[in-house]
Amino acid sequence: MDSTLACLAAWMPQQRWYGAKGRRPHLRLVSWWDHESHEESVRVRTYLIADEGALPPVLYQVPIVARETAGVDASGPAVIGSPEPGTTLIDGPHDPAYTRALLRLIATGATARGPHTGASGHPLTGAAMTPHSASVLTGEQSNTSIVYDADGGAAPVICKVYRQLQPGLNPDIELQTALARAGSPHVPAVFGHLEGAWPDPAGGGTVKGSLAFAQEFVAGAQDAWRVALRTAAAGRGFEDDARTLGAATAEVHRTLARVLPTVEPTSGDRDAVAEAWRRRLTIAIAEVPDLADRRGAIQDVYDRALGASWPRLQRIHGDYHLGQVLRVPGGQWILLDFEGEPMRPMRERLLPDLALRDVAGMLRSFDYVAGSLRLSVAEHAGGDRRAREWAATARAAFLGGYAAASGAPPGDHRELLAALELDKAVYEAIYEARNRPSWVAIPLRAVASLSGSF
Ligand SMILES: Nc1ncnc2c1ncn2[C@@H]1O[C@H](COP(=O)(O)OP(=O)(O)O)[C@@H](O)[C@H]1O
Ligand SMILES: O=P(O)(O)O[C@H]1O[C@H](CO)[C@@H](O[C@H]2O[C@H](CO)[C@@H](O)[C@H](O)[C@H]2O)[C@H](O)[C@H]1O
């Protein structure tokens, strides 16, 4: 196993889903189990690997197919390495032996076992999943999604393999399953999920957590980020789309408030939010020192929100932006990825929260469209002004659509919305500094503007 861990220590830091970029991992094997393999001399095994160099330690899911080197095209990012002569390790989602085994577990509710723990499938419906070929979705993803084509008119399936594991049912599965069961037209059909168990790092027992989630793959849909970027770059408005997106967002919030618990915010809830805002700001200032001289002005915005009235708390999307929304032919909006912000502690993401956090997230996304155009096109000939006008129109239309469909206009909580937008921009400054340093100017400009110096 030591040679496999050595291969992984070189390969994992190059993966988009690996959290602590720029640092060599310190890996420990926590658990493993084998999947059924229909090919001779091919081993399909899922490893759970802790990176104990991270603070706090992170648990990763790494499914691996071991094949004879002679039969493998040894180039490409899917090849992990060759810890023993004659055997090559392949990243499971890129190999049919794993993709078949994964879907079979979910569709049949079967179990894969290892010496200590294992994984079991939880099919949601009797819907037959008969897909035949699979490929990994490309793009900037925190997890790894496998798309399965289907034969004979059956729906194609997308199965998201969670990479960073946490105890408990993932909110992505919990919320989308609740919405699908409630008949919401704004999430894809749900097929089922895979749950795993592993040794509890804090004691002698085991903990359970989500490993993968299978849904209908909405074919022909367009990512709202690309739709928005295209219209803005072409100088076309996004007003109607933003209004219907606002209405769809409000409908999802209403459904979540109906089928899952809501609570009146207590002073403890307000303190927890205030503490999360402060904690995030401290991290952001440490990583993006340009923010340091804004601390006082930012805290003033937070204080005004803490002194204002708050609506009831409810379950929300939690990391809402244009990249999390699909537009299907006909104009309907489908929301994806209810996992919450990847950098936020899971225990916070599971609690009832402010629905306005999602509203703020989408408003920031309109500003990102303008900001990314500003970065890609030189600021001349009125381009910057047009991009800003595009974002302002989209913003007003989104808020109007949300207010009309929710009966709870975001404008009733102006101070709170301003603080949530600012907190999101602070989060984005950290995210960009870590992942896309050339984009950090977008949230920095927003922080300046939202904290009143622009
Ligand atoms: N059910 C689906 N139908 C069509 N495309 C999807 C579906 N689910 C995800 N996608 C595509 O995959 C991308 C990443 O999915 P997402 O759930 O956001 O993953 P991650 O948690 O890794 O960021 C989405 O932006 C979308 O383009
Ligand atoms: O990986 P996730 O989609 O869960 O979210 C993370 O990455 C997003 C970028 O891909 C990041 O979103 C930020 O950039 C978007 C444009 O690429 C923009 O539309 C968003 O408004 C902006 O927040 C997101 O914050 C991060 O959690």
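FYI, side chains are in, hydrogens and waters are out, and symmetry mates aren't considered; it's all heavy atoms of this structure. Whatever order the structure lists ligands and atoms in, that order sets their numbers, starting from 1.
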message: Please list, in number order, the atoms of ligand 2 under 4.0 Å from a heavy atom of Asp337.
response: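 Selected atoms, number and element: 4 (O).
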
query: Does Trp310 have Arg270 sitting over its ring (NZ/CZ under 6.0 Å from centre, angle to axis within 45°)?
result: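 Yes, Arg270 sits over the ring of Trp310.
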
query: Should the pair Trp17 and Tyr60 be assigned to parallel (<30°), tilted (30 to 60°) or perpendicular (>60°) ring geometry?
result: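 It falls in the tilted class, 30° to 60°.
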
message: Heavy atoms only: which of Val190, Val187, Leu335, Leu137 lies closest to atom 13 (C) of ligand 1?
response: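 The option holding the nearest heavy atom is Leu137.
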
message: Check this for me, if you would: do Lys424 and Asp319 make a salt bridge, where the nitrogen-to-carboxylate-oxygen distance has to be below 4.0 angstrom?
response: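 Here Lys424 pairs with Asp319 in a salt bridge, since their nearest N and O are under 4.0 Å apart.
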
message: Residue-level breakdown please: for Val369 versus ligand 2, do any non-hydrogen atoms fall below 4.0 Å on the side chain, on the backbone, on both, or on neither?
response: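 Val369 to ligand 2: no contact under 4.0 Å from either part.
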
- request: Consider ligand 2: state whether an atom of it lies below 4.0 angstrom from any non-hydrogen atom of Gly323.
  value: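 False for this residue.
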
field: is_close_aromatic(His321, Tyr368), centroid dist under 6.0 Å
entry: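 Centroid distance His321-Tyr368: not below 6.0 Å, so no.
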
query: Side chain or backbone of Arg436 under 4.0 Å from ligand 2, or both, or neither, by non-hydrogen atoms?
result: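 Side chain only.
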
task: Mind telling me whether Tyr431 and Tyr427 have parallel, tilted or perpendicular rings, with 30° and 60° as the class edges?
output: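 Ring orientation of Tyr427 relative to Tyr431: parallel.
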
message: Side chain or backbone, does Pro188 bring an N or O within less than 3.5 Å of an N or O on ligand 1?
response: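 By distance alone, the answer is no.
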
task: Determine the interplanar angle of the Trp333 and Phe238 rings, folded into 0 to 90°, and report it as parallel if under 30°, tilted if 30 to 60°, perpendicular if over 60°.
output: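 Ring orientation of Trp333 relative to Phe238: perpendicular.
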
field: Residue part near ligand 1, for Leu326, under 4.0 Å between non-hydrogen atoms
entry: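 The side chain, only.
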
- prompt: Given Leu363, Asp319, Asp367, which one has a non-hydrogen atom that is nearest to atom 5 (O) of ligand 2?
  reply: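 It is Asp319 that holds the nearest heavy atom.
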
- prompt: Taking distance alone, with no angle check, do Thr144 and ligand 1 share an N/O pair under 3.5 Å?
  reply: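 Checking ligand 1 against Thr144, no N or O pair falls under 3.5 Å apart.
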
- prompt: Counting heavy atoms only, which part of Asn143 comes closer than 4.0 Å to ligand 1: side chain, backbone, both or neither?
  reply: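 For Asn143, the contact with ligand 1 is made by both the backbone and the side chain.
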
message: Within ligand 2, which atoms have a heavy atom of Tyr427 less than 4.0 Å away?
response: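 That gives atoms 25 (O), 26 (C), 27 (O) of ligand 2.
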
- prompt: So do Arg315 and Pro171 actually touch side chain to side chain, heavy atoms under 4.5 Å?
  reply: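 With C-beta onward as the side chain, the pair touches.
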
- prompt: Of the backbone atoms (N, CA, C, O) and the side-chain heavy atoms from C-beta on, which set of Glu339 has a member under 4.0 Å from an atom of ligand 2: side chain, backbone, both, or neither?
  reply: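 No part of Glu339 comes within reach of ligand 2.
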
- prompt: So Phe338 and His317, would you call those rings parallel, tilted or perpendicular, with 30° and 60° as cut-offs?
  reply: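 Phe338 and His317: tilted rings.
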
Subset of ligand 2 atoms that lie under 4.0 Å from at least one heavy atom of Ser365: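 Answer for ligand 2: 18 (C), 19 (O), 20 (C), 21 (O).
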
- prompt: Taking atom 23 (O) of ligand 2 as the point of reference, which of Gln324, Arg344, His321, Glu428 owns the nearest heavy atom?
  reply: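 Nearest option to atom 23 (O) of ligand 2, by heavy atoms: Glu428.
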
- request: Before accepting this row, confirm whether a basic side-chain N of the pair Asp337/Lys160 lies closer than 4.0 Å to the acidic partner's carboxylate O.
  value: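 Judged by the 4.0 Å cut-off on N to carboxylate O distance, Asp337 and Lys160 do form a salt bridge.
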
